[in-house]
Structures are given as C-alpha cells and as structure tokens.
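Encoded as structure tokens, the structure appears first; notes follow it.
In what follows, every chain begins at residue 1, and chains take the letters A, B, ... in the order their sequences are listed.
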There are 2 protein chains.
Amino acid sequence: MTNPRKTPTIQDVARSAKVSTATVSRALSSPDRVSEDARARVFQAVEQTGYTLNQAARSLRQRNSRTILVALPDIGNTFFSTILDAIEREAVLRGYGVLVANRFAAHDSGRRLHEYFLSNRADGLLLLDGSVALEPLLALAAPPIGVPLLMACEDIDHAPFHSVRTDNEFAAEVATRHLIGLGHRAIGHIRGPVGNVLTAEREAGYRRALALAGLEARPEWIIPAGFEMRQGLAAAERFMTLRERPSAMFATNDETAIGFLSGLRQHGLDCPRDISVVGFDDLAFAAHFWPPLTTMRQPREALGRIAAEALIDLIEGEPRRRVPRHTVLSSELIVRGSTRVHIAAPELAEAVL
Amino acid sequence: MTNPRKTPTIQDVARSAKVSTATVSRALSSPDRVSEDARARVFQAVEQTGYTLNQAARSLRQRNSRTILVALPDIGNTFFSTILDAIEREAVLRGYGVLVANRFAAHDSGRRLHEYFLSNRADGLLLLDGSVALEPLLALAAPPIGVPLLMACEDIDHAPFHSVRTDNEFAAEVATRHLIGLGHRAIGHIRGPVGNVLTAEREAGYRRALALAGLEARPEWIIPAGFEMRQGLAAAERFMTLRERPSAMFATNDETAIGFLSGLRQHGLDCPRDISVVGFDDLAFAAHFWPPLTTMRQPREALGRIAAEALIDLIEGEPRRRVPRHTVLSSELIVRGSTRVHIAAPELAEAVL
DNA sequence: AAGGAAAATGCAATCGATTACATGCAGCCA
DNA sequence: TGGCTGCATGTAATCGATTGCATTTTCCTT
C-alpha cells in the first residue's frame with residue numbers, strides 16, 4: 001500500500017496483521033503455537049502483502065540453508081543425470097534445494113571446495129565422484145567443520161564417509177558368468193579409466209568369474225578404455241589387431257559397449273553372430289540399441305533416492321558422529337540380444353539356432 | 001585458538017589481524033582500498049583462522065545470492081543435461097552457483113515457484129521449459145518483483161522474456177529438404193508432444209519444405225508421438241499399420257527416431273534400405289547408433305553458455321527494463337547412414353548403389 | 001472470586017557480513 | 001604554521017528472520 005516497490009518483509013506482515021513479528025514467524029513455521037485468531041490474521045496478511053520468506057535471513061539466523069550440494073564428474077552423462085534426477089526429487093520432497101557442481105575433480109577441489117560452496121551455502125555434500133583428493137574431504141568432514149558428507153556410486157577406498165553404492169564386483173562376476181554359461185571360453189574385458197574404483201572392482205569381478213571357472217584372463221584380452229563411447233570405439237580398433245580374438249567381451253559400462261560395437265560394425269563384425277557383449281548400467285538407450293544390449297542394470301533411481309535420504313537424515317540427525325554406514329544395492333542381469341550361445345564355428349550359427 | 005569449535009567469522013579475523021571488521025571486509029572484496037600493511041595482516045589472519053565467508057550473511061546484506069535457478073523439464077534427458085553442463089560451467093566462471101529444479105511444470109509452478117525458489121535464494125531464473133503457465137512467470141518478471149528471467153531452448157509464444165533458442169522451423173525445413181533432395185517423395189513426420197512449441201515449429205518446417213517442393217503431407221503420415229524413445233517405438237507400430245508407407249520420415253528428435261528405428265527393426269524393416277530417417281539434436285548416441293543417425297545438430301554447448309551469460313548479464317546489468325532480446329542460433333545438418341537416395345524398387349537397391 | 005497453571009504474545013538480542021558516515025592522519029602548499 | 005585534500009580506518013546501522021525470556025491473557029480449579 002504505502003510502499004509497493006520493495007518486496008514485503010515479515011515486518012509488513014506483522015503490521016498488517018496487527019501482531020508482532022514473533023507471532024508471524026511462529027504462525028508460519030509452527031501454526032499450532034499461536035491462537036486460531038492470530039493465525040488467520042497472519043495468513044490473510046501474507047496473502048494480502050504477497051509476502052515470501054527471505055531465505056538468506058533465515059539461513060543466517062538458523063545456521064542452515066536447506067540446500068545440498070551435489071558434486072559429480074559429468075552431468076552431461078546420462079548415468080549421472082538420471083541419478084541427479086532422483087536426488088533432486090527426493091530433496092525437494094524434504095524441502096531442500098539442490099546445488100550442482102560439475103566436473104568436480106577438475107577444479108582444484110581443495111580450498112575452493114569449502115570456500116566456494118560450503119560457507120553456509122549448503123548443509124551437506126553428496127559426492128558422486130571417487131576421484132577427488134581425499135585430504136580436503138577429510139578436512140571438511142572432520143569435527144572442526146563437520147560437513148555431512150556422503151559418497152554415492154563411486155567411493156574412495158577406506159575413506160571414513162557414509163556411502164551408497166552397488167555391488168560392482170559381484171555384478172561384474174554375474175555378467176561374466178552369464179557369458180561363461182553361454183559356453184564362451186575366450187572372454188575379454190573392456191576396462192574403465194585407470195585409477196577409478198569402479199574400474200578396479202569390475203575388473204576384479206571379471207577375473208574372479210574366470211578364475212572360478214578355471215578360465216584364463218589373457219592380458220591382451222583386457223583392453224584399456226574408459227567410460228565414454230569414443231573410448232569404446234578405440235577399443236574396437238585394438239580388438240581388431242588381436243591375433244586370437246575372444247568370442248565374448250564384458251564392457252565396463254554401456255557407453256563403452258556401445259562405442260565398441262559401433263566400432264566392430266565398421267570392420268564388418270556382427271554382434272551377436274561374431275561376438276557377444278555385456279554392458280553395465282542399463283542406460284535407456286541400451287534397450288533400443290541394435291542389438292539390444294545385455295547388461296547389468298544398476299538401480300539408479302533407488303541409488304539417488306537413498307543417497308539423498310541418507311544425506312538429509314545425516315544433516316538433520318542429532319548425533320552427527322555416527323559411525324559411517326555403507327549401503328550396498330544389488331544390480332540385476334538384463335539379458336537381451338547382444339549375447340548368445342557360443343558356437344565354435346560361427347558360420348554354422350544360423351543353422352543351429 | 002581460544003574457541004576452535006565454531007567456524008570463524010569476520011570478527012575473529014579482525015581480532016587476529018588487529019583491524020576492524022570493516023577493513024577485513026574491504027581487504028577481501030576490494031583489496032586496493034586498504035593499505036598494503038593491513039591487507040597482508042588480513043590475509044594472514046584469514047589463513048591462520050581458516051575463515052570462510054558466510055554466504056547467508058552476505059546475501060542478506062547485499063540482497064543477492066550469486067545463484068541462478070535452472071528449471072528444466074527433465075534432467076535425466078541427455079539433451080537437457082548437456083545444456084545444463086554448459087550452463088554450469090559458465091555460471092561457475094562468473095562466480096555463480098547453480099540450483100536445479102527438475103520436472104518444473106509438473107509441480108504447481110505458480111505459488112511454489114516464487115515461494116520456494118526466489119526468496120532471495122536465486123538472483124535469476126533460467127527456464128528451459130516452455131510448458132510452464134505464463135501467468136506466474138509474468139508476475140515474477142514484472143516490476144513489483146522483477147526477477148531476471150530468460151528462456152532457453154523452448155519458449156512461450158509472445159511472452160515478453162529474453163530468450164536463446166535455435167531456429168527450429170528452419171532446421172526442420174532443412175532436414176526435410178535433405179530427404180527431398182535424396183529423391184524421396186513420400187515423406188512422413190513423427191511428431192513431438194502436443195502443445196509443445198518445438199513440436200509445432202518442427203512440424204511447420206516439415207510442412208513448409210513439402211509445400212515448397214509441391215509434395216503432399218498426408219495426415220496419416222504425421223504420426224503423433226513425443227520426445228521419448230518409447231513413444232518412437234509406439235510410432236513404429238502405428239507406421240506398420242499404414243496401407244501406403246512413406247519412404248522417409250523426419251522425426252521430431254533423436255530419441256524418437258531411435259525408438260522408431262528400433263521398433264521397425266522388430267518388424268524386419270531395415271534402415272536405410274527400406275526407409276530413411278532424419279532425427280533432431282545430434283545426441284552423442286546418434287553417431288554410434290546403427291545405422292548412424294542423420295540429424296540436425298543443435299549447438300547445445302553454445303546454447304547453454306550463451307543463455308547463462310545472458311542471464312547473468314541481465315542480473316548484473318543496471319537497466320533491468322531493457323527490451324527483451326531474442327538470440328537465435330543455427331542448427332546444422334549432419335548426414336550419416338540413416339538416410340540414402342530413394343530407389344523406387346528397394347530390392348534393386350543393393351545393385352544400384 | 002481468588003489463585004495458579006498454561007497458553008499466547010511481545011520485546012529485543014542475535015546471526016555475520018557490508019557500508020554510510022565519521023574520524024584520524026599524512027602530505028602538501030601558501 | 002595553518003589549512004586543505006584525500007586516503008585509511010573505525011563506528012555503528014543495517015539486512016530480515018528467529019527465538020530466549022518476560023509479560024499478559026485465558027481458563028480451570030477450588
């Protein structure tokens with residue numbers, strides 16, 4: 001009325017409702033602590049003035065921001081963006097905003113990390129990137145600062161943080177056993193980026209399955225690649241140079257598998273006729289690829305949801321010094337067209353099947 | 001030293017450096033306004049105390065948050081997540097944080113929109129979703145509140161907001177002309193979700209190209225679908241029921257095209273032998289799909305970067321009442337394996353090519 | 001009707017930084 | 001030496017909500 005150019009504050013509401021600011025605050029945040037009369041007047045005043053809370057003021061006073069920071073290696077990657085989707089959904093449900101920090105490890109994750117982001121800007125950190133330097137994280141999470149911190153998907157070996165992950169090693173073993181079960185004996189692996197925890201675990205699972213079946217994991221059958229399609233493509237080139245080629249490959253993830261298959265096709269190799277391939281993740285594209293990709297499905301929605309839940313519990317929970325809890329979810333083998341029974345002589349395959 | 005359990009404030013730094021808080025503040029935000037001596041002492045004190053700024057306090061005082069809100073229809077979708085990637089990169093460069101709000105239109109975008117998010121939580125809104133109700137947006141952007149608002153990718157017809165987009169109609173025309181140039185005469189369209197601006201523009205471009213070439217756009221050749229793979233898959237079923245089938249299709253985007261092709265394959269149809277297909281977007285997967293997808297490449301990185309730049313300029317610029325500016329970027333035809341010259345009798349194709 | 005517990009409300013301090021304004025001080029010129 | 005300019009610094013108000021404590025009101029019991 002009197003001064004329409006500024007956004008209304010709690011003072012304006014108080015004046016309009018003829019109560020004190022304390023009552024307005026209480027009416028809004030714990031309605032049952034004020035009289036019905038006052039409550040009604042406050043609500044009406046809010047409506048009339050168009051009041052909205054100033055988050056900065058509340059954050060300052062309450063020493064929290066109702067915001068979580070999600071740090072990931074690559075938002076552009078479908079795998080992470082699906083998880084982010086689930087995280088965001090859960091966070092909003094609990095009244096939290098989501099700040100994103102992409103390519104986290106790329107920036108100097110030390111000083112910047114807590115300077116830029118955790119100066120009361122976020123109440124907790126959800127870290128989807130295992131390749132971040134451990135030191136600064138420890139500094140953040142330890143008592144003096146004590147930021148609630150949770151790692152999801154990837155994690156750092158023996159780091160004392162809460163985590164939510166999937167059983168990568170076992171899943172890789174299942175994937176490889178699937179190939180063995182189909183009669184394949186020469187089974188290779190397309191490996192993820194060096195230094196990555198997932199890479200190591202998936203390779204270990206692959207080796208374990210082979211070992212248990214008494215099969216050999218020939219060094220030249222383990223082709224170094226990464227998590228991206230172009231690296232899968234490069235792996236195909238490498239594959240073509242092998243004297244003796246495996247009849248099946250377990251790829252560290254779907255993107256790599258897809259790039260690999262796309263590369264093989266350029267050389268006239270056909271999947272599944274000439275080779276069987278298992279991926280990892282079950283991206284949306286995997287089902288629509290040709291051939292539809294056999295893969296280990298990671299419960300991405302559950303992963304994101306549970307991670308967000310756990311982090312917010314951590315933030316809101318009283319005893320912050322709880323022992324780190326590790327949640328492990330299972331992956332599921334999804335059999336599609338990219339794997340089939342091994343036939344010694346491929347040219348007979350059509351006849352046999 | 002004395003009280004290590006609380007995070008240090010500017011007071012602590014001031015005490016340690018033996019200056020006033022005003023000097024500390026100035027030393028940190030405009031170093032050339034204090035003496036060299038004071039500056040050095042402040043920096044050292046900061047180092048020693050491990051001080052970090054409390055963003056909430058600064059936001060409260062300065063009435064800004066150095067944060068932008070990015071609202072999108074679906075983060076899980078590669079198309080948007082790539083753009084978000086570029087937005088985030090640019091924002092961080094300019095010292096801004098990025099809050100994300102997913103499935104924006106799904107929530108009631110009215111009250112919640114400015115209640116939840118724009119209460120000094122964000123300085124501006126980057127909207128990647130054209131299907132949000134116009135009313136509340138106008139209310140936000142108009143003088144009383146005056147939130148800087150920019151639409152990217154999609155927009156709302158004749159809404160008075162700044163925007164950054166691509167030339168969808170023209171690009172669709174180019175895509176369709178490509179098919180016509182290959183000799184196709186019976187050309188269909190897989191349409192996006194109803195009500196979406198992009199859907200309308202792309203269909204218009206398709207129609208325009210046909211009209212200019214004197215070709216017919218038969219109603220039954222325009223198959224309703226959406227932007228998702230499963231809808232492309234459904235479109236394939238519909239396609240199979242046609243008495244007379246087009247020899248080429250222009251799909252509203254790559255996902256739809258991929259779903260469509262994957263559906264056709266189940267019916268034994270081969271692309272490009274039996275049909276040519278053009279997509280839209282040039283997702284990373286498009287190049288590795290089989291057949292590699294011919295498509296209109298949208299400059300997604302540029303889109304995101306320019307949108308973020310423009311929004312931040314808007315936020316920081318003095319004259320907020322500038323006339324809405326519309327930036328339009330061009331798309332580029334990427335020819336790959338999913339389109340080829342039309343041969344009247346498909347069974348002769350191999351011989352001819 | 002008086003007394004007292006419980007509920008409702010108000011007052012004012014507080015969160016931590018920024019900044020308008022006041023003050024101090026050095027350097028310079030007449 | 002006195003007065004002026006301009007830089008460096010300090011004092012204290014300010015941003016807008018929350019909340020500990022004090023006070024008032026309500027309502028119940030005897």
Between [X] and [N], does any side-chain N or O lie under 4.0 Å from OP1 or OP2?
X        : N       : value
Thr9(A)  : dG16(D) : no
Gln55(A) : dG16(D) : no
Arg63(B) : dG16(D) : yes
Thr23(B) : dG10(D) : yes
Gln62(B) : dT19(C) : yes
Ser29(B) : dT18(C) : no
Tyr51(A) : dG16(D) : no

Quiz prompt | Listed nucleotide nearest any side-chain atom of Gln11(B), set dG16(D), dA17(C), dG10(C) | solution = dA17(C)
Atom-pair distance ([atom1] on [X]; [atom2] on [N]), nearest Å:
X         : N       : atom1 : atom2 : answer
Asn120(B) : dC15(D) : CG    : P     : 13 Å
Ile10(B)  : dT18(C) : CD1   : C1'   : 8 Å
Arg15(A)  : dG10(C) : CZ    : C1'   : 16 Å
Arg33(B)  : dC7(D)  : CZ    : C1'   : 9 Å
Leu53(B)  : dA17(C) : CG    : P     : 6 Å

Quiz item: Are the side chain of Arg39(A) and the backbone of Pro31(A) linked by a donor-acceptor contact shorter than 3.5 Å?
Solution: yes
Quiz item: More 5' along DNA chain D: Ala22(B) or Leu60(B), using each one's nearest nucleotide?
Solution: Ala22(B)
Quiz item: Checking only heavy atoms, does the side chain of Arg26(A) share a donor-acceptor pair with the base of dG10(C) at less than 3.5 Å?
Solution: yes
Exercise. Please evaluate the base of dT14(C) for a donor-acceptor partner in the side chain of Arg61(A) within a cut-off of under 3.5 Å?
Key: yes
Practice problem: Pick base, sugar-phosphate or nothing for Ala38(A), based on heavy-atom distances below 4.0 Å to the nucleic acid. | Solution: sugar-phosphate
Practice problem: Evaluate the side chain to side chain donor-acceptor pair (under 3.5 Å) criterion for residues Asp85(A) and Asn102(B): first the C-alpha distance (whole Å), next the side-chain angles of each, then the deciding distance (0.1 Å), finally the verdict. | Solution: CA-CA 7 Å; Asp85(A) 185 353; Asn102(B) 197 27; 2.9 Å; yes
